[in-house]
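See below for the structure under consideration.
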Amino acid sequence: MKMTLRWYGTGHDSVTLEQIRQIPGVTGVITMLYDIPAGEVWPLDRIQAMKKEVEAAGLKVEGIESVNVHDAIKIGSSDRDKYIENYIESLENLAKEDIKTVCYNFMPVFDWLRTKLDKARPDGSTVLAYDYKVVDGMTPQMLFDSIKNSSNGFIMPGWEPDRLDHIKGLFEAYKGVDEEKLFNNLVYFLKAIQPTCEKHGIKMAIHPDDPAWPLFGLPRIITGKEKIERMLKAVDAPFNGLTFCTGSLGTNPNNDLPAMIEAFGDRIHFAHVRNLQHFEKGVFEEAGHLSADGSFDMYEIVKALYNTGFEGPIRPDHGRTIWGEKCMPGYGLYDRALGAYYIQGLWEAIDKNTKRK
Ligand code: DNO
């Protein structure tokens with residue numbers, strides 16, 4: 001595995017490349033061109049400049065999170081091919097710079113959802129939290145507003161203002177898009193980009209839906225073992241893979257994370273490793289990465305990744321906000337650095353133990 005940290009780019013992130021470089025074992029970043037709206041081509045010169053900046057700091061661009069998919073593709077509207085062509089051009093430009101792991105998601109209208117971005121933990125840290133009762137009592141617009149107002153002034157990924165402007169129209173446009181239709185639109189998209197991905201060795205890593213169930217009547221299709229297996233089989237080629245995100249799939253306590261990792265095996269192209277604490281069904285909050293701080297067995301998760309021979313990028317995910325840091329909720333330096341350290345500690349112990357047997 002290659003240990004990485006997600007980085008939003010100069011001007012968007014409170015964390016610098018120089019700080020990331022000082023976390024032992026972290027050799028690369030997962031980044032994106034944050035200001036390019038979904039559907040537009042990523043210009044080659046912008047990719048080159050971003051890569052140059054990362055490499056000047058002694059790090060590597062290990063992958064992109066995310067090249068976002070335009071809603072026309074998810075809806076399957078008549079103009080989708082134009083957006084697919086743009087997507088292919090972005091992939092080609094990335095491949096020219098040898099950037100070949102691409103994370104994306106296929107969630108309608110919005111991306112991940114939490115109902116509170118600054119929930120206090122008993123230790124005084126704050127975390128992102130979810131409570132189904134809050135979601136039930138709010139409209140999507142209210143949720144957008146509450147996320148915007150509690151993000152410390154940062155633009156949260158997946159909640160960019162250009163989405164806010166279109167939310168009503170988007171809900172209209174998704175009418176008639178049920179689970180089956182969304183799935184077929186994903187397959188159409190994957191088949192269309194397949195030749196480009198295979199030509200350049202690009203690994204597409206779909207991100208699971210977070211939380212792993214439908215919201216506001218919108219379908220969600222990357223939520224559990226059977227559905228993911230169906231997706232992997234529908235376009236059964238190595239390029240079509242997964243971002244294994246423990247924090248997203250783990251929102252549903254019935255998802256057996258280590259078993260899923262073993263089942264998906266080499267179709268996992270990218271790993272997000274973090275911990276959640278579950279309370280009642282549909283009520284959870286994010287925790288420190290340490291097993292004892294939450295509900296997941298992080299040792300079993302890392303061991304399962306190790307056992308599949310995972311060689312791709314891995315990153316700690318949403319951290320707690322600790323030690324007075326002023327940062328984008330979930331994406332501060334301190335707790336993610338602790339997470340990176342911990343995951344590497346588990347990996348080292350598993351590796352030595354395996355080799356000595
Ligand atoms: C949130 C992230 C998501 C993720 C996208 C991938 O913190 O986990 O925004 O990056 O869903 O496309």
Side-chain angles (χ1 to χ4, degrees), residues 4-9 12-15 29-34 36-39 42 62-71 73-74 87 90-91 94 101-118 127-130 143-144 147-148 150-152 154-160 162-163 182 186 189-190 203-213 215 218 220-223 228 231 241-251 268-276 284-286 289 313-321 327-332 335-336 339:
T4 61
L5 222 70
R6 186 176 193 178
W7 181 66
Y8 288 99
H12 299 290
D13 205 317
S14 61
V15 180
V29 292
I30 299 293
T31 187
M32 71 183 292
L33 298 179
Y34 208 33
I36 300 200
W42 287 31
E62 289 292 357
I64 298 299
E65 182 175 350
S66 309
V67 181
N68 284 319
V69 176
H70 194 273
D71 282 289
I73 300 174
K74 299 179 192 172
Y87 203 97
S90 297
L91 290 179
L94 287 166
T101 301
V102 176
C103 173
Y104 69 105
N105 71 76
F106 221 72
M107 289 177 252
V109 185
F110 45 80
D111 192 325
W112 59 276
L113 177 65
R114 294 288 176 272
T115 50
K116 203 162 170 43
L117 304 187
D118 54 358
V127 293
L128 283 72
Y130 187 92
L143 275 163
F144 269 107
I147 288 192
K148 197 170 133 209
S150 54
S151 62
N152 297 340
F154 289 92
I155 294 175
M156 299 294 289
W159 295 88
E160 297 82 5
D162 64 310
R163 290 196 200 217
L182 187 66
L186 171 59
F189 166 69
L190 286 168
K203 293 177 172 170
M204 294 301 296
I206 196 166
H207 191 282
D209 304 337
D210 188 359
W213 51 79
L215 290 168
L218 297 164
R220 291 197 149 186
I221 51 174
I222 308 296
T223 51
I228 293 173
M231 189 279 302
L242 183 68
T243 296
F244 195 90
C245 176
T246 60
S248 303
L249 291 166
T251 55
I268 298 176
H269 295 328
F270 180 24
H272 291 176
V273 177
R274 69 173 137 111
N275 200 355
L276 299 181
F284 59 84
E285 63 194 38
E286 298 179 352
H289 287 71
I314 188 169
R315 66 169 183 78
D317 208 352
H318 297 180
R320 301 164 304 147
T321 300
C327 57
M328 186 191 295
Y331 287 102
D335 203 42
R336 287 188 302 148

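Along the sequence shown, the residues carry numbers beginning at 1. Each ligand, and each atom within it, is numbered from 1 in the order the structure gives.
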Tyr130 ring center near Trp213 ring center (under 6.0 Å): yes
Is any NZ, NE, NH1 or NH2 atom of the basic residue among Arg274 and Asp210 found under 4.0 Å from an Asp or Glu carboxylate oxygen of the other? yes
Polar contact flag for Asn68 and ligand 1 (N/O pairs, less than 3.5 Å): no
Would you check whether Met156 reaches within less than 4.0 Å of ligand 1, judged by its heavy atoms? no
Checking a contact table here: which protein heavy atom is nearest atom 4 (C) of ligand 1, and how many Å away? Glu65 OE2, 3.4 Å
May I ask you to identify, for Met107, whether its side chain, its backbone, both or neither come under 4.0 Å of ligand 1 on a heavy-atom basis? side chain
Please report whether ligand 1 has a polar contact with Tyr331, defined as an N or O pair separated by less than 3.5 Å (distance criterion only). yes
Charged N-O contact under 4.0 Å between Glu285 and Lys116: no
Quick one: look up the protein heavy atom nearest atom 1 (C) of ligand 1 and list residue, atom name and how far away it is. Trp112 CD1, 3.2 Å
Tell me, which protein residue and heavy-atom name are nearest atom 8 (O) of ligand 1, and how many Å apart are they? His207 NE2, 3.5 Å
Can you pull out the closest protein heavy atom to atom 6 (C) of ligand 1? Residue, atom name and distance to 0.1 Å, please. Ser66 OG, 3.0 Å
So do Val29 and Thr4 actually touch side chain to side chain, heavy atoms under 4.5 Å? no
I'd like to check which ligand 1 atoms, numbered from 1 as shown, lie under 4.0 Å from a non-hydrogen atom of Asn105. 5 (C), 6 (C), 11 (O), 12 (O)
Proximity to ligand 1 by part of Cys103, non-hydrogen separation under 4.0 Å: side chain
In terms of side-chain heavy atoms, does Tyr331 have a donor or acceptor partner in Arg6 at a distance below 3.5 Å? yes
Is there a polar contact, in the sense of an N or O pair closer than 3.5 Å, between Asp111 and ligand 1? yes
Does the gap between the ring centers of Tyr104 and His207 come in under 6.0 Å? no
When the aromatic ring centroids of Tyr8 and Phe154 are compared, is their separation below 6.0 Å? no
Any N or O on His318 sitting closer than 3.5 Å to an N or O of ligand 1? yes
Which atoms of ligand 1 have any heavy atom of Tyr104 under 4.0 Å away? 12 (O)
Salt-bridge test for Arg320 and Glu286: reply yes if a basic N is under 4.0 Å from a carboxylate O, no otherwise. no
Proximity flag Arg6 to ligand 1, non-hydrogen atoms under 4.0 Å: yes
Heavy-atom check, side chain of Met204 versus side chain of Thr101, under 4.5 Å: no
